[in-house]
Amino acid sequence: MYNEKVVDHFNNPRNVGDLPDADAVGETGSFKCGDTMKLYIKVKDERIVDVSFQTYGCGAAIASSSMLTEIVKGKTLDEAMQVTNQDVAEQLGGLPPLKLHCSNLAADALHNAIAEYRKKQEVAGKG
Ligand code: FES
């Protein structure tokens, strides 16, 4: 059902766990299945210098989160905002159609984390 790349990211997830000195955290959940995800980002000069995730979900959600962290590490916030669930699924070599919604979680959590970071900057008068 899953290709080798997906299985690898599920069995050996990259950047898993919380990030104690994160600048922002994005949370999201799926109405379809109840799975949830948290994505932590550390930002320096508008660039994501570190990122990690915690996912309580299916294998596709875990593999998507893991792949997403690899895609966005080192990207600027603007570049990271452009990353879509299709990008994540493509980089994974595709997901079964029934599992495509799982890659939404990762992209949504990332976008929420960036929105949270920007809100904090605004409040601090740095936005
Ligand atoms: Fe819930 Fe995949 S089945 S995120």
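Remember, it's 1-based here, ligands and their atoms both numbered in the order they're listed. What you see is a predicted model, and the numbers here were worked out from it, not measured in a lab.
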Is atom 2 (Fe) of ligand 1 less than 2.8 Å from an N/O/S atom of His101, whether that atom is in the backbone or a side chain?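 No, since none of the N, O or S atoms of His101 sits under 2.8 Å from atom 2 (Fe) of ligand 1.
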
N/O/S from Cys102 sitting under 2.8 Å away from atom 2 (Fe) of ligand 1: yes

Between Lys120 and Asp23 (salt bridge meaning N to carboxylate O under 4.0 Å), is one present in this structure?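 Answer for the salt bridge query: no.
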
Considering only NZ, NE, NH1 and NH2 on the basic side and carboxylate oxygens on the acidic side, decide whether Glu46 and Lys75 come within less than 4.0 Å. no

State the atoms of ligand 1, each with its element, that fall below the 4.0 Å cut-off from a heavy-atom position in [X].
{"X": "Leu105", "value": "4 (S)"}
{"X": "Lys99", "value": "3 (S)"}
{"X": "Cys58", "value": "2 (Fe), 3 (S), 4 (S)"}
{"X": "Ala61", "value": "4 (S)"}

Kindly compute the distance separating CG (Asp18) from NZ (Lys38), expressed to the nearest 0.5 Å.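 It is 8.0 Å, given to the nearest 0.5 Å.
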
Rounded to the nearest 0.5 Å, how far apart are CD1 of Ile62 and SG of Cys58?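 Going from CD1 on Ile62 over to SG on Cys58, the span is 7.0 Å.
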
Using distance alone, with no hydrogens and no angle criterion, decide if Asn12 and Asp8 have a side-chain donor and acceptor under 3.5 Å apart. yes

Looking only at protein heavy atoms, which one is nearest to atom 1 (Fe) of ligand 1, and what is the separation? Cys33 SG, 2.1 Å

Specify the protein heavy atom at minimum distance from atom 4 (S) of ligand 1: its residue, its atom name, and the distance to 0.1 Å.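 Of every protein heavy atom, Asp35 OD2, 3.2 Å lies nearest to atom 4 (S) of ligand 1.
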
Go through the steps for Asp78 and Arg118 under the test salt bridge (Lys or Arg N to Asp or Glu O under 4.0 Å), then give the verdict. CA-CA 11 Å; Asp78 285 343; Arg118 291 201 159 134; 2.7 Å; yes

